[in-house]
Amino acid sequence: MKKLTLEQKLFLNGFRPDRESHLAIIDQEKCRKCELRQCTYICPVNTYRWENDQITVFFEGCLECGACRIACQDCQNLEWRYPRGGFGVNYRTG
Ligand code: SF4
Ligand code: SF4
């Protein structure tokens, strides 16, 4: 059986995004001072992007893996919760 690439596996997931984000930056000033901005490269689906001198959060494709919580645990600058019931990622075989 042919092995799927990460992109192909991600494409198998379904998403039902909520209107409101389940992820939020608490203080953008902290992000400006954050040396590594590790959230911008730890997330497998590129949720956090450094744009116009601030972090923008593209929550719609979040896989709910929790890696960003760990990446930002020293700064404690992420408000992280699961999407409301019925919203978010829907994992399929892959
Ligand atoms: S790791 Fe935390 S403090 Fe640093 S840029 Fe990301 S959200 Fe901001
Ligand atoms: S929970 Fe995982 S997929 Fe969602 S934003 Fe954080 S690192 Fe990205």
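Atoms within each ligand, like the ligands themselves, are counted from 1 in listed order. Just so we're clear, the structure is a prediction, and the values are computed from it rather than from any experiment.
Annotation: side chain of Gln54 is not in contact with side chain of Glu51 (no heavy-atom distance under 4.5 Å).
By the criterion of a heavy-atom distance under 4.0 Å, neither the backbone nor the side chain of Ile42 is placed next to ligand 2. Counting heavy atoms under 4.0 Å from ligand 2, residue Phe59 does not touch it at all.
Around atom 8 (Fe) of ligand 1, protein N, O or S atoms at less than 2.8 Å comprise Cys31 SG.
Remark: minimum distance from atom 1 (S) of ligand 2 to any protein heavy atom is reached at Gly66 N, 3.1 Å. Distance from atom 8 (Fe) of ligand 2 to its nearest protein heavy atom, with residue and atom name: Cys43 SG, 2.3 Å. With hydrogens left out, the protein atom closest to atom 2 (Fe) of ligand 2 is Cys65 SG, 2.3 Å, a heavy atom. At the top of the distance list for atom 3 (S) of ligand 2, counting protein heavy atoms only, stands Leu63 N, 3.1 Å. Protein heavy atom nearest atom 4 (Fe) of ligand 2, with residue, atom name and distance: Cys62 SG, 2.3 Å.
At distances below 3.5 Å, at least one donor-acceptor pair connects side-chain atoms of Thr5 with backbone N or O atoms of Gln8. A donor-acceptor pair under 3.5 Å links the side-chain atoms of Arg37 to the main chain of Arg32, judged by distance alone. In this structure, Gln28 contributes its side chain and Ile55 its backbone to a donor-acceptor pair below 3.5 Å. A side-chain donor-acceptor contact under 3.5 Å links Arg16 to the backbone of Gly86. Checked by atom type and distance alone, the side chain of Glu64 never pairs as donor or acceptor with a backbone atom of Tyr82 at under 3.5 Å.
The environment of CZ in Phe15 is crowded: more than 12 heavy-atom neighbours from other residues, nucleotides or ligands sit within 6.0 Å. Residue-environment remark: CG (Asn52) stays at or below the threshold of 12 foreign heavy atoms within 6.0 Å. The local environment of CD in Glu20 is sparse, with at most 12 non-hydrogen atoms from other residues, nucleotides or ligands closer than 6.0 Å.
Aromatic pair Trp50/Tyr48: centroids not less than 6.0 angstrom apart.
Counting all heavy atoms, side chain and backbone alike, Leu63 lies closest to Leu10 at CD1-CD2, 3.6 Å.
Not a single N, O or S atom of Cys68, from either the backbone or the side chain, sits less than 2.8 Å from atom 2 (Fe) of ligand 2.
Close contacts of ligand 2 with Thr47, meaning ligand atoms under 4.0 Å from a residue heavy atom, involve 5 (S), 8 (Fe). Counting atoms of ligand 2 from 1 in the listed order, those under 4.0 Å from a heavy atom of Leu23 are 5 (S).
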